[in-house]
Structure formats: structure tokens, C-alpha cells
Amino acid sequence: MLSRIPLNHCYYRKNRVGLHLCQTMVNVVSMYIENQLLKLVKEAVFSLYGVSVSEGIAQVQETRKEFEGDLTLVVFPLLKISKSNPEKTGQEIGQWILQHCPEVDSFNVIKGFLNFSLSQSYWLTALQNLDTQYPDTGVTPRNFMVEYSSPNTNKPLHLGHVRNNLLGYSVSRILQANGHKVVKVNLVNDRGIHICKSMLAWQKFGKGVTPESSGKKGDHLVGDFYVMFDQIYKKEIKQLVQEGMSEQEAEKNAPLLLEAQSMLRRWEAKDPEIMGLWKTMNAWVYDGFDKTYAAMGVDFDKVYYESQTYLHGKEIVQKGLESGVFFRKEDGSVWVDLTDEGLDQKLLLRSDGTSVYMTQDLGTACQRFSEYPLDELIYVVGNEQNYHFQVLALVLSKLGYDWARFIHHMSYGMVELPSGKMKSREGTVVDADDLIEGMIATSAEMSAALGKLDDCSPEEKERIVRTIGLGALKYFILKVDPRKNMLFDPQESIDFNGNTGPFIQYTHARIRSVIRKAEALGFMPFGHFSAGLSLSAKERYLLRLLCRYPSVLRESGENLSPALLANYLYELTKEYNQFYHDYPILHEENPELRNFRLFLSERTSGIIRAGMDLLGIDVPEKM
RNA sequence: GGGUCCAUAGUUCAAGGGAUAGAACGAAAGUUUCCUAAACUUUAAAUACAGGUUCGAGUCCUGUUGGGCCUACCA
């Protein structure tokens with residue numbers, strides 16, 4: 001089975017993502033001020049014009065930064081009801097709401113936009129009550145399983161896997177922060193002809209080399225033999241073609257391939273020698289993977305191995321045959337006919353009775369739903385396998401499993417290189433370990449050049465440098481909409497300035513530094529400030545932005561998009577930096593104002609830390 | 001060929017049918033007696049093309065052009 005990592009390009013199913021997840025927000029309407037306001041708008045319209053507003057006509061959104069106000073009602077759609085012009089309608093509704101909603105302080109109408117300003121005490125209270133660890137997102141808790149990573153055991157992880165792992169891990173964390181239960185699982189593709197290829201090459205040409213004897217990481221060592229197999233295989237084909245064989249014939253009859261196929265049969269027959277080799281080499285790979293996973297900071301609650309689950313699928317196929325959902329062709333192969341659903345016929349079992357990719361996925365899905373009470377099973381798998389998952393869900397529902405509708409393919413785009421596709425065999429892959437090492441090295445260079453960590457111990461320095469390097473890499477990948485393809489140029493190293501992980505980390509470190517100083521000065525915990533304190537526009541906006549965290553988290557979960565969270569954190573950070581630059585905190589002489597600014601700063605650092613944590617990114621205390 | 005997705009500054013990314021399309025990098029110019037200059041400020045620069053729907057379109061529909069992916073008794 002191929003690893004579930006895209007090597008190739010793009011695909012994007014708009015109506016898939018978030019489809020199942022949306023219904024949860026309906027019953028929390030009253031929790032959010034936006035929804036409260038929307039409800040009042042409906043009442044206002046009914047009271048003023050005697051018409052009830054149908055669903056989706058009225059919309060309340062955040063007021064754009066350049067206008068005065070916090071929430072905005074778009075008046076245009078209501079003009080048919082008010083039978084009046086936008087300005088007048090806005091005034092009338094605004095007036096009504098002002099009188100009926102205590103949180104609304106004032107309003108203004110610009111063109112067709114009715115902007116409400118909420119009271120400062122509303123925002124202050126909201127921020128005070130905001131729980132950064134477990135914010136109230138108002139979603140109904142459910143049970144999720146998230147499958148991600150899903151590597152082959154014949155070669156090391158590459159950049160495509162990095163995106164997969166970071167997305168899978170982060171999405172799991174975001175769902176957890178929304179209050180859901182999440183089981184993180186990995187499906188290891190540890191059997192099949194591709195595994196035999198590296199085994200065979202090692203057996204024939206390896207001369208007993210081990211990770212210990214070579215000093216190589218196990219997954220890389222095994223990967224080298226996979227590449228070696230391919231090189232020799234190609235030579236053999238060339239040779240055969242020169243001897244007059246057609247290319248297609250040669251591909252099928254190259255001695256090395258025949259040997260690999262023979263090895264696969266011996267594996268399926270549980271030949272002790274082959275099983276021993278298989279176990280040994282897989283153990284090397286797992287050892288290597290564990291190191292890479294640890295470096296990336298991802299983990300799993302449960303690991304499935306295809307070698308243990310592929311047989312379940314055969315039973316499912318058998319059942320489907322008996323119930324007449326599947327059919328057998330003369331040659332003995334088993335198929336399902338999906339032409340009524342607009343798809344093709346799909347093979348489920350080969351004529352020799354061995355299973356294919358789909359077979360094991362059927363079995364694994366059944367196993368999972370019988371093991372866990374799942375409300376949703378999310379497969380984090382590249383968009384190149386979209387058709388596969390469409391078929392999977394369809395076949396399962398044809399088999400009568402009503403949980404088939406809980407299967408959700410989180411289809412993400414590939415990582416492209418400037419040269420185009422990554423191809424393992426052509427050596428154009430970006431290796432995960434190299435990439436991580438490289439990022440940490442760059443981070444170390446930059447720290448040294450800036451001289452920021454000169455007074456740290458070597459251990460501390462190393463830890464911080466590592467945190468920053470990984471932060472740059474992870475943020476670089478996660479800030480992009482998962483559904484879209486993204487480009488990675490190995491020539492131009494990932495930035496450490498601008499919209500980057502280190503930028504956010506730096507802001508956190510700076511705030512922590514201020515807080516430490518405030519503690520030393522006896523300002524912490526910050527004391528009283530009055531709700532009527534006169535705030536600048538910048539401070540007010542920052543306050544509002546901080547309060548948005550729970551709803552960003554909710555959207556991020558509903559859309560399965562860490563990018564929404566990442567971009568919010570960047571915006572927050574940018575705003576804070578402007579505030580930090582323009583206003584004194586510790587040097588502010590008015591103690592109430594100083595307290596407020598410490599409060600803002602402390603909350604900002606808390607949200608940055610919590611949000612980055614959900615992206616799997618650490619934030620340092622200093623850098 | 002069929003199915004499907006994509007196209008936004010020089011480049012990499014944003015923008016739940018809503019206001020003047022935001023950032024970052026790169027380019028040009030500035031800010032340090034002051035809480036970390038990995039920061040902040042300023043300037044130039046974009047919705048592939050043609051229609052349509054709408055009070056309103058980068059966003060929805062149709063077509064054109066250019067690209068990706070799928071379309072295996074591979075996984």
C-alpha cells in the first residue's frame with residue numbers, strides 16, 4: 001500500500017470540509033454577542049415594520065478596522081422590508097437596538113452599514129472571563145478519531161509527511177480545545193511489494209549492514225536500499241530491452257522484480273526467514289520514525305498496522321458478496337459497481353484472492369467503529385486520494401453501515417517544489433530530518449548574529465534555538481489553508497521575520513520580559529482599573545481582538561483549519577507590537593492605565609501561548 | 001477523452017456575497033538617551049480573459065485560456 005502522502009497536486013472539495021461539523025453551533029446562539037444582536041435585529045425589524053426576517057437575510061459581522069464600531073449590520077438586504085433608504089433604515093434599527101440592548105453604547109450608519117459600538121465594560125468583562133486553556137466555544141462535544149501520518153516502512157519521511165503530520169496533530173489539538181474527545185491514530189503501511197523491495201536489496205547487497213554499524217538512522221538506511229532496488233531494477237530493464245524485449249515485457253520480467261514478488265509470496269506464507277528479516281528491518285524504520293515524530297512533536301494514541309488489519313477487509317468483501325452488493329467476475333476477482341452513483345466499477349479483491357488498497361481500508365474502518373463510539377472519523381490524507389475516499393464511503397454505505405456518513409476525508413494539498421513534483425526515486429524529495437536540522441541550524445546562526453542568547457547556558461541556548469527553528473517550520477506550513485497546494489523553495493530558506501513563527505514567538509518573549517519586570521517592580525498581579533478608563537483606539541481594538549479567540553477556535557475546528565488560528569495569532573501579534581511600540585507599559589505613570597496595559601499584555605501572551613500550543617509550536621520565555 | 005480542483009502585487013500567502021482587496025518577503029526611505037530593533041513607520045506594486053446573476057462579485061453561474069490531481073488485478 002502506498003503511503004497516504006501526496007506527491008502530486010491539487011484538489012479541493014468545497015462542500016466536504018466542515019459539512020458535518022456545522023450543526024453544532026445552532027444551539028449556542030445566545031452565547032455570542034453577534035447572535036444576540038442578530039436576534040435583536042429581527043425583533044427590531046418586526047417591531048418597526050411588522051415583518052419577520054427570514055433566515056439568512058440579516059447578517060451581523062465584525063466592523064472593519066477602519067470604521068468606528070465593533071459589530072456591523074448590513075442594512076441592504078432589509079431595504080425590501082423597510083421600503084426605505086439605507087440611511088433611514090439603519091437609523092431606525094440602530095435607535096431601536098440602542099434602547100433594547102444594554103451592551104450597545106452607540107451606533108453610526110455609513111452607507112448601508114449600521115455599526116454598533118459595544119460598551120467598554122462588556123469587552124473588559126469578556127476578556128477577564130476568557131479561559132485561554134478551555135475557552136467556551138459553545139460547540140457540543142463529540143467523539144472524533146483522526147488518522148494521520150500513515151507512512152510506508154520502506155523510506156524515511158519527507159516534506160509531504162511533515163505537512164500531513166503537522167496538520168493531523170494540530171487539527172486534533174484544535175478539536176480537543178473545542179471540547180471534543182479525539183483519538184489520534186496512525187495507520188502504518190508495513191506490508192506489500194514495496195516493503196519487499198528494500199528487504200530484497202538489503203539481503204542481496206547489504207552485506208549485513210545495520211543502523212548501528214553504519215551510524216545511519218534506521219529509516220534512512222532502509223530507504224537507501226529501496227532506492228538501490230530501483231536503480232538495479234532499471235538497469236535490468238535496460239539490459240533486457242537491449243536484448244530485444246519490449247519495455248513492458250522487460251518491466252514485468254526483470255529478475256529483481258520477480259525475486260521481490262517471490263519474497264512477497266513467502267511473506268504471505270509466513271516464511272520464518274522472511275518474517276525475521278521483515279521484523280528486523282521494520283524495527284529499524286520504526287526507530288527512525290520515532291525520532292522524527294519526537295522532533296516534530298507529534299504523537300498518537302493508537303497505531304494500526306496494515307499487516308494486522310488487511311485480513312479484516314477480506315471478510316467484509318465476503319459479506320458483501322453474500323449480500324449481493326459486490327459481484328465476482330469469471331476470473332474470480334471481486335468488484336463493486338458504482339456506475340449508478342456516477343463512478344466506475346471498482347476492484348476489491350484480485351483474481352488470486354489477494355487484497356488491494358481499498359480492501360484493507362474497508363476492514364480498518366469497520367474495526368475502528370466497533371472499537372470506539374465514534375461520531376466522526378477523519379482521514380488526513382492528500383487530495384490525490386480523493387476518489388479513493390469517495391469510493392470508500394460509498395461502498396460502506398452500500399454495505400449498510402449507517403456510520404459511513406461519519407467518514408470524513410480531510411483532503412489537503414500537496415507541497416510543491418519550484419521544480420514541480422517531489423519524486424523519491426529521482427532524489428527530489430525534501431527529507432524531513434534534513435529539513436528540521438536545517439531549520440535549527442539557521443535559527444542558531446540568526447541567534448548568534450543577533451547576540452540575543454549570549455548570556456544563556458549552552459543547554460538553554462540549544463533549547464531556545466530549537467524551539468525557534470521548529471516554530472519557523474511549523475508555522476510556515478500551518479499558516480497556509482490546508483486545502484490548497486503550497487510551494488516550498490529549498491533554495492530560499494524559510495523566513496524568520498514577518499508573518500512567521502519566530503515573529504509570534506518573539507512577541508511572546510517580549511511580553512514575558514515585561515511581565516517579569518513588572519513582577520520585580522511589584523506591579524504583579526496587576527491591580528484595579530476602572531471599566532470607564534479612557535482607552536485609545538489601538539487598545540480598544542486589541543481588547544476586541546483578544547475576545548475573538550474562542551470564536552476563531554470554533555471556526556478553526558469547524559473548518560478543520562489550523563490556518564485560521566495561525567493567521568489570527570499573527571494578526572493579534574502584529575496589533576500587539578504596534579501597541580507595544582506606541583504606548584508605555586511599565587513606564588506609564590497612571591497606575592490604572594498601567595494595570596490595564598499589563599492586563600492586556602498578560603492576556604495577549606496567554607492567548608499566543610495557548611494558540612501556538614494548538615499548532616504544536618512552543619513559545620520561549622526569552623529569545 | 002471523462003471527472004474534479006486551482007488561477008489575487010515581482011514572489012509566498014490572506015480576504016465566512018458586503019465598505020477603499022489585506023499581509024509578509026524582495027525593492028526604496030526612515031525610527032534606538034525609553035519596557036527585547038527577530039520590532040515599528042512610510043512609498044511603489046495585484047483579482048488570467050469574456051459574458052451573466054445581484055442593491056453589491058476576488059468570492060456565485062457560463063464560456064475561453066493556462067495548470068494540478070484522479071481516471072491501475074500499484075499502494
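Chain naming here is simple, since letters A, B, ... match the order of the sequence lines and numbering starts at 1 in each. In what follows, every heavy atom counts, from backbone to side chain, and hydrogens, waters and symmetry copies are set aside.
- Between the side chain of A/Asn567 and the base of B/A24, no donor-acceptor pair under 3.5 Å is found.
- The 12-atom threshold is exceeded at NZ of A/Lys329, counting heavy atoms of other residues, nucleotides or ligands nearer than 6.0 Å.
- Residue A/Pro482 is the one, among A/Pro482 and A/Asn577, whose nearest nucleotide of RNA chain B lies closer to the 5' end (criterion: closest heavy atom).
- Here the C1' atom of nucleotide B/A23 and the CG atom of A/Leu572 are 15 Å apart, to the nearest Å.
- Once the 5.5 Å centre distance and the 30° plane angle are applied, the aromatic ring of A/Tyr580 is found not to be stacked with the base of B/A39.
- The same atom, P, is picked in B/G10 and in B/A48; the two are 12 Å apart, to the nearest Å.
- The side chain of A/Lys111 places an N or O atom within less than 4.0 Å of a non-bridging phosphate oxygen (OP1 or OP2) of B/U20.
- Closest approach to the A/Tyr570 side chain among B/A19, B/U36, B/A23 is made by B/A23 (side chain taken as heavy atoms from C-beta onward).
- To the nearest 0.5 Å, atom CZ of residue A/Arg265 and atom CD1 of residue A/Ile193 are 8.5 Å apart.
- Side-chain atoms of A/Tyr304 and A/Thr364 form no donor-acceptor pair, as typed in the model, at a separation below 3.5 Å.
- Distances shown here put every side-chain N or O of A/Asn485 at or beyond 4.0 Å from the OP1 or OP2 atom of B/C69.
- Between B/C13 and B/A72, the distance separating the two P atoms is 31 Å to the nearest Å.
- Between the side chains of A/Tyr357 and A/Gln385, a donor-acceptor pair is found at a separation under 3.5 Å.
- Remark: A/Lys574 is in phosphate contact with B/A24, judged by side-chain N or O atoms under 4.0 Å from OP1 or OP2.
- Interface remark: the A/Thr72 side chain does form a donor-acceptor pair with the B/A19 base, using a distance-only criterion of under 3.5 Å.
- In this structure, CD1 of A/Ile504 is placed 12 Å from C1' of B/A24, rounded to the nearest angstrom.
- For B/G18, its base sits under 3.5 Å from the side chain of A/Gln59 at one donor and acceptor pair at least.
- OP1 or OP2 of B/A37 sits under 4.0 Å from a side-chain N or O of A/Arg510.
- Comparing atom distances between the A/His587 side chain and each of B/A19, B/U36, B/C35 picks out B/C35 as nearest.
- Summarising the base pairing, B/G17 is matched to no nucleotide, lacking a Watson-Crick or G-U wobble pair whose two defining distances lie under 3.5 Å.
- An OP1 or OP2 oxygen of B/U36 is reached within less than 4.0 angstrom by a side-chain nitrogen or oxygen of A/Ser513.
- Within the 4.0 angstrom heavy-atom criterion, only backbone atoms of the sugar-phosphate kind lie near A/Asp344; the bases stay farther away.
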### Message
Under the criterion side-chain hydrogen bond (donor to acceptor under 3.5 Å, both in side chains), I'd like the reasoning laid out for A/Asn282 against A/Thr153: C-alpha separation, chi angles, the key distance, then a yes or no.
### Response
CA-CA 6 Å; A/Asn282 270 355; A/Thr153 57; 3.1 Å; yes
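- Here, B/U62 and B/A21 have their P atoms 27 Å apart, quoted to the whole Å.
- Atom C1' of B/G56 sits at a distance of 10 Å from the matching atom of B/A19, rounded to the whole Å.
- We find that CD1 of A/Ile57 is positioned 15 Å from P of B/U54, with the value rounded to whole Å.
- Ring pair A/Phe488/A/Phe476 is perpendicular by interplanar angle, where above 60° counts as perpendicular and below 30° as parallel.
- Rounded to whole Å, the C1' atom of B/C40 lies 11 Å from the corresponding atom of B/U32.
- Between the CZ atom of A/Phe476 and the C1' atom of B/U11 there is a distance of 12 Å, rounded to whole Å.
- Within 4.0 Å (heavy atoms only), A/Leu487 reaches sugar-phosphate atoms of the nucleic acid but no base atom.
- Among the nucleotides B/A15, B/C35, B/C40, the one closest to the side chain of A/Leu564 is B/A15.
- Comparing atom distances between the A/Lys484 side chain and each of B/C55, B/A14, B/U71 picks out B/A14 as nearest.
- A/Tyr583 comes within 4.0 angstrom of a nucleotide base, judged by non-hydrogen atoms across all strands.
- The ring of A/Phe113 does not lie on top of the base of B/G18; it is either too far (5.5 Å or more) or too tilted (30° or more).
- Residue-nucleotide stacking is present for A/Phe67 and B/A19, judged by a side-chain ring centre under 5.5 Å from the six-membered base ring centre and planes under 30° apart.
- Shown here, B/C69 forms a base pair with B/G3; the pair counts as Watson-Crick or G-U wobble because both key distances fall under 3.5 Å.
- Among the protein residues, A/Ala509 comes within range of the nucleic acid bases, having at least one heavy atom under 4.0 Å from a base atom.
- Here B/C13 is the nucleotide among B/C13, B/C40, B/C25 with the atom lying nearest to any side-chain atom of A/Met486.
- Per the geometry, CD1 belonging to A/Ile608 stands 14 Å off C1' belonging to B/U36, to the nearest Å.
- Taking OG from A/Ser605 and CD1 from A/Ile515, the interatomic distance works out to 5.5 Å, rounded to the nearest 0.5 Å.
- Donor-acceptor pairing under 3.5 Å is lacking for the side chains of A/Asp495 and A/Thr500.
- Residue-level contact check: A/Ile468 touches the bases, meaning some heavy atom is under 4.0 Å from a base atom.
- Taking the C1' atoms as reference points, B/G51 lies 14 Å from B/A57, given to the whole Å.
- B/U11 sits 25 Å from B/G30 when the C1' atoms are compared, rounded to a whole Å.
- Straight-line distance between the C1' atoms of B/U33 and B/A29: roughly 24 Å, to the nearest whole Å.
- At a threshold of 4.0 angstrom between heavy atoms, the contacts of A/Val74 include nucleobase atoms, whether or not backbone atoms are also involved.
- At the heavy-atom level, A/Asn154 lies nowhere under 4.0 Å from the strands shown.
- No contact: A/Val552 has no heavy atom under 4.0 Å from any strand.
- Base pairing of B/C60: its partner is B/G52, meeting the Watson-Crick or G-U wobble criterion (both donor-acceptor distances under 3.5 Å).
- Positionally, the nearest nucleotide of RNA chain B for A/Pro77 lies more toward the 5' end than for the other of A/Thr507 and A/Pro77.
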